[in-house]
Amino acid sequence: MRQRRSHGPGRIRPGLPRRSGREPRECRTDHEGAGRPARPRGAVVHIGSIAADQGAGSYGAVKAGLVTWNLDLARELGPRGITANVVSPGYIADTEFFRDRLPDTRRTDLVSATATGRAGASADIATTVAFLASPEARHITGQVLHVNGGAYGTR
């Protein structure tokens with residue numbers, strides 16, 4: 001696997017190919033976005049967690065670190081037309097994460113903490129990821145999208 005130095009002393013990013021500057025680039029010729037890639041060449045979508053913002057031991061710390069890394073990745077990949085975002089789910093019912101072992105009282109507490117009054121569904125996350133990977137989201141990068149029914153809000 002090739003390695004590439006990042007914009008900082010001693011920082012290495014594994015797996016990112018070097019640009020020689022000789023590769024052809026598809027550019028717009030209209031007045032909007034002249035000289036920029038005509039369309040994104042890809043999207044990185046990480047799956048975070050509400051635990052990153054609500055403190056949940058080492059799991060929450062790892063998910064919080066993912067958010068910080070995503071910001072750096074968005075800056076690094078953005079010039080190449082690649083977006084990088086995090087989808088941060090709240091309680092999603094019927095997933096392997098909870099394995100149907102959640103006590104009814106805890107499930108009730110998690111659902112009542114939402115503004116929507118329901119648990120999330122896998123489709124809620126899947127459609128958000130699909131949107132972020134689509135051309136319609138080409139100007140959304142470096143963001144965290146909280147998909148939790150309002151259980152954790154931001155400004």
Side-chain angles (χ1 to χ4, degrees), residues 1-17 19 32-33 36-155:
M1 181 180 298
R2 295 193 301 181
Q3 294 187 342
R4 176 180 175 209
R5 280 205 177 271
S6 182
H7 301 286
R11 293 174 52 180
I12 304 276
R13 293 277 182 241
L16 295 177
R19 282 191 54 93
E32 290 184 8
R36 296 186 190 154
R39 62 185 184 285
R41 286 185 234 144
V44 177
V45 182
H46 302 283
I47 303 297
S49 174
I50 194 172
D53 301 300
Q54 295 188 339
S58 59
Y59 178 78
V62 168
K63 292 300 188 175
L66 180 65
V67 171
T68 302
W69 178 58
N70 183 69
L71 290 170
D72 187 49
L73 196 59
R75 283 187 220 107
E76 188 170 333
L77 298 178
R80 293 175 15 199
I82 301 169
T83 60
N85 294 289
V86 177
V87 173
S88 184
Y91 171 56
I92 305 298
D94 302 324
T95 61
E96 289 184 23
F97 184 82
F98 292 104
R99 294 186 177 97
D100 292 329
R101 295 184 192 161
L102 202 60
D104 288 338
T105 56
R106 180 70 178 136
R107 182 177 289 115
T108 300
D109 289 346
L110 290 172
V111 170
S112 66
T114 68
T116 59
R118 70 171 181 88
S122 297
D124 296 327
I125 305 307
T127 55
T128 304
V129 170
F131 168 71
L132 289 172
S134 74
E136 288 77 16
R138 68 182 172 269
H139 199 60
I140 300 171
T141 193
Q143 302 301 308
V144 177
L145 273 73
H146 297 277
V147 183
N148 57 42
Y152 176 79
T154 59
R155 293 177 54 178

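Sequential numbering from 1 along the given sequence is applied to the chain's residues.
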Student: Just verifying a value: how many Å separate T128 OG1 and L145 CG, rounded to the nearest 0.5 Å?
Tutor: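 One finds 7.0 Å between OG1 of T128 and CG of L145.
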Student: Indicate yes or no for a side-chain donor-acceptor contact from E76 to the backbone of A74 under 3.5 Å, with no hydrogens or angles considered.
Tutor: no
Student: Sequence neighbours left out, what passes side chain to side chain contact (heavy atoms under 4.5 Å, CB included) with V62? Give chain and number order.
Tutor: none
Student: Quick one: does any side-chain atom of T83 pair with a main-chain N or O of R138 as donor and acceptor, under 3.5 Å?
Tutor: no
Student: Return the minimal non-hydrogen interatomic distance between H46 and L73, and the atom names on each side.
Tutor: NE2-CD2, 3.7 Å
Student: State which residue, out of V87, V67, L71, fulfils the side chain to side chain contact (heavy atoms under 4.5 Å, CB included) condition with V144.
Tutor: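 For V144, the side chain to side chain contact (heavy atoms under 4.5 Å, CB included) test succeeds with only one of V87, V67, L71, which is V67.
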Student: What distance separates S134 OG from I140 CD1, expressed to the nearest 0.5 Å?
Tutor: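 If I round to the nearest 0.5 Å, the distance is 8.0 Å.
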Student: List in chain and number order the residues that pass salt bridge (charged side-chain N to carboxylate O under 4.0 Å, His left out) with R75, two or more places apart in sequence or in another chain; answer none if no residue qualifies.
Tutor: none
Student: What pairs meet the salt bridge (Lys or Arg N to Asp or Glu O under 4.0 Å) rule with one or both residues in residues 44-63, with sequence neighbours excluded?
Tutor: none
Student: Show me the donor-acceptor pairs, under 3.5 Å and distance only, between side chains in residues 116-125 and residues at least two apart or in other chains.
Tutor:
from, atom 1, to, atom 2, distance (Å)
R118, NH1, D124, OD2, 3.1
R118, NH2, D124, OD1, 3.3
R118, NH2, D124, OD2, 3.2
D124, OD2, A121, N, 2.8

Student: Which pairs with one or both residues in residues 125-146 pass ring pair (Phe, Tyr, Trp, His ring centres under 6.0 Å), sequence neighbours excluded?
Tutor: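 Residue pairs passing ring pair (Phe, Tyr, Trp, His ring centres under 6.0 Å), neighbours aside: H146-Y152.
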Student: Could you give all pairs that pass the side-chain hydrogen bond (donor to acceptor under 3.5 Å, both in side chains) test and reach residues 84-95, with sequence neighbours left out?
Tutor: Y91-R107
Student: For A64, enumerate each residue passing the side chain to side chain contact (heavy atoms under 4.5 Å, CB included) test, keeping only those at least two apart in sequence or located in another chain.
Tutor: A52
Student: Could you note down all residue pairs passing ring pair (Phe, Tyr, Trp, His ring centres under 6.0 Å) where residues 47-66 supplies at least one of them, sequence neighbours left out?
Tutor: Y59-F97
Student: How many angstroms lie between atom OG1 of T114 and atom CG of D109, to the nearest 0.5 angstrom?
Tutor: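 Result: 11.5 Å between the selected atoms.
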